[in-house]
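The structure under discussion appears below in the form of structure tokens.
Heads up: numbering here begins at 1 and tracks the sequence. Note that this is a predicted model, so its numbers are computed, not measured.
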Amino acid sequence: MESTPEPSPRSAGALTSIDKALEVCEVLSGVPRGMNLSDLARALRQPASTVHRLLGVLKRRGYVRQDDETQRYGLTLKMLDLSFRSLGQSELRLHAYPIMREYVLRTPYRGFIAIPASGEVTYVWSTGPDEVAMRTVYGKEMPGHCAIYFSPRQATRRLSCLRLAASAELTRPEATVVRMGPPPMEPDALQRLFCTCAPVRDYTGHEVARVGVFGHGADDRPILTEHHRGAWDLARRISMRLGHVPPSALESTA
């Protein structure tokens with residue numbers, strides 16, 4: 001038996017037409033067989049006339065269809081098409097997304113992938129137990145991430161940057177990390193931004209992107225004790241999806 005999703009807990013008077021239209025889509029997304037107008041209006045706690053008007057707009061824009069026989073309303077694949085169209089602008093981002101999503105959902109930190117060829121940096125962070133948000137910025141200085149958060153003009157900011165280039169650095173990350181900004185003072189009221197990133201390689205072995213993890217804290221222990229290996233593994237898994245075969249794998253199968 002299908003369960004009808006509850007609309008968001010906002011008062012009807014506070015909802016705009018856009019809110020109401022989005023709630024129509026959210027409710028229909030949980031009912032694959034669709035709903036008739038009466039049931040949908042009841043689920044949304046909106047007058048049937050209001051829901052009918054919203055459905056008319058959504059049908060005209062291609063987001064909703066109505067079955068000729070049952071008169072039930074259901075979602076089309078336009079939302080999915082839009083999502084894939086957005087993700088598909090970058091094949092690399094498409095490959096990276098599911099791997100980065102899984103990582104940020106189980107850590108309190110944010111992830112990013114910087115792609116110099118397209119001048120874009122995409123950030124991924126958890127917004128709930130099973131939800132993530134993404135934001136892509138363009139035209140930032142590559143690898144972007146550090147440049148966005150630190151510059152000589154931000155003299156009060158502190159940054160620990162662990163830019164991994166080889167797996168050997170994982171055993172001695174302290175020797176690779178670069179610390180910028182003012183020295184720590186007691187009591188240390190300045191939070192430190194810590195970031196680690198690793199190279200993503202395509203099937204030819206060329207570095208095509210940087211993937212990493214960053215966060216804020218009193219010190220940079222997270223990237224020295226845990227997330228340096230996490231970023232390296234993220235890069236390894238994304239690289240393999242791009243067809244890259246690590247030299248160590250070739251050696252083991254020779």
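Not a single donor-acceptor pair under 3.5 Å links the side chain of Glu120 to the backbone N or O of Ile115. Judged purely by atom type and a 3.5 angstrom limit, Arg101 uses its side chain to pair as donor or acceptor with the backbone of Asp130. Remark: the backbone N or O of Ile223 is not paired with any side-chain donor or acceptor of Thr196 at under 3.5 angstrom. No donor-acceptor pair under 3.5 Å is formed between the side chain of Thr50 and the backbone N or O of Gln46.
For Asp219 and Arg179, the salt-bridge test fails: no basic side-chain N is under 4.0 Å from an acidic carboxylate O. The existence of a salt bridge linking Glu69 and Arg72 is excluded, since no basic side-chain nitrogen approaches an acidic carboxylate oxygen closer than 4.0 Å.
What you find for Ala165 and Pro199 is that their closest heavy atoms are O-CG, 4.3 Å. Nearest heavy-atom pair, Ala41 versus Ala48, reported as atom, atom and distance to 0.1 Å: CB-CA, 3.8 Å.
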Audit row: Leu44, Val27, side chain to side chain contact (heavy atoms under 4.5 Å, CB included) steps and yes/no:
CA-CA 8 Å; Leu44 292 165; Val27 170; 3.7 Å; yes

Starting from the C-alpha separation in whole Å, work towards a yes-or-no answer on side chain to side chain contact (heavy atoms under 4.5 Å, CB included) for Met100 and Ile113.
CA-CA 9 Å; Met100 297 184 65; Ile113 183 162; 4.0 Å; yes

Val211 vs Phe112, test: side chain to side chain contact (heavy atoms under 4.5 Å, CB included). Steps then yes/no.
CA-CA 6 Å; Val211 64; Phe112 75 93; over 6 Å; no

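Counted by atom type alone, His216 and Tyr109 present zero donor-acceptor pairs between their side chains at under 3.5 Å.
To the nearest 0.5 angstrom, Tyr73 atom OH is 9.5 Å from Asn36 atom CG. In this structure, CZ on Phe194 lies 9.0 Å from OG on Ser160, to the nearest 0.5 angstrom. If you take CG on Leu162 and NE2 on His227, they are separated by 12.0 Å, rounding to the nearest 0.5 Å. From Cys197, atom SG reaches atom CZ of Arg210 across 4.5 Å, with rounding to the nearest 0.5 Å. Between atom OG1 of residue Thr127 and atom CE of residue Met134 there is a gap of 12.0 Å, rounded to the nearest 0.5 Å. Rounding to the nearest 0.5 Å gives a distance of 10.5 Å between CE of Met35 and CG of Leu55.
More than 12 heavy atoms of other residues, nucleotides or ligands shown are found within 6.0 angstrom of CZ on Arg106. Enclosure of atom CZ in Arg135 is not indicated, since only 12 or fewer non-hydrogen atoms of other residues, nucleotides or ligands lie within 6.0 angstrom.
Hydrophobic cluster membership of Val57, counting Ile, Leu, Val, Met, Phe, Trp and Tyr whose side-chain heavy atoms lie under 4.5 Å apart directly or via other members: none, as it forms a cluster of its own. Its side chain within the 4.5 Å cluster rule, Leu22 clusters with Ile18 among the Ile, Leu, Val, Met, Phe, Trp and Tyr residues.
Taking the salt bridge (Lys or Arg N to Asp or Glu O under 4.0 Å) definition, one finds that Asp202 meets it with nothing, sequence neighbours left out.
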